[in-house]
Amino acid sequence: MTVSQMRLLKTETRDMADRMRISASDFRIGTHDEWKMSNGTFFIAFVVIAATIAALALVLRLAA
């Protein structure tokens, strides 16, 4: 692959990323698609929040 071919691929990739970025910003606030979260992400967030609350409760219990 020549340098000019690599530059062309890089330019095409940038253009594609720009188009995706522009289309992603077209979402309106409040649409369902904007607030989607996968089940795995939700579970991880839930576990992190629960662990934070448990650690805070433990620290407050030990401080009293």
Side-chain angles (χ1 to χ4, degrees):
M1 182 176 279
T2 64
V3 174
S4 59
Q5 288 174 329
M6 289 172 44
R7 285 185 184 147
L8 180 62
L9 289 175
K10 189 175 183 180
T11 303
E12 288 176 1
T13 305
R14 280 189 185 143
D15 290 343
M16 221 166 57
D18 288 341
R19 284 192 303 268
M20 289 178 67
R21 192 177 310 113
I22 289 169
S23 68
S25 67
D26 287 342
F27 284 115
R28 291 181 181 88
I29 294 177
T31 61
H32 180 68
D33 292 339
E34 189 177 60
W35 299 100
K36 277 187 182 175
M37 182 185 295
S38 70
N39 289 338
T41 305
F42 177 80
F43 178 73
I44 290 171
F46 180 81
V47 169
V48 168
I49 291 169
T52 303
I53 291 172
L56 183 62
L58 180 64
V59 167
L60 291 175
R61 176 89 170 140
L62 293 175

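In what follows, every heavy atom counts, from backbone to side chain, and hydrogens, waters and symmetry copies are set aside. Remember, it's a predicted structure, so these values are computed and weren't measured experimentally.
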Inset, instruction - Please list, chain by chain and in numerical order, all residues satisfying side-chain contact (heavy atoms from CB on, under 4.5 Å) with Val47, sequence neighbours excluded. - result: Phe43

Legend entry - ILVMFWY clustering at 4.5 Å (side-chain atoms), partners of Val59: none

Inset, instruction - Under 4.5 Å between side-chain heavy atoms, chaining through other members, with only Ile, Leu, Val, Met, Phe, Trp and Tyr counted: pull out the rest of the cluster around Ile53, sorted by chain and number. - result: Ile49

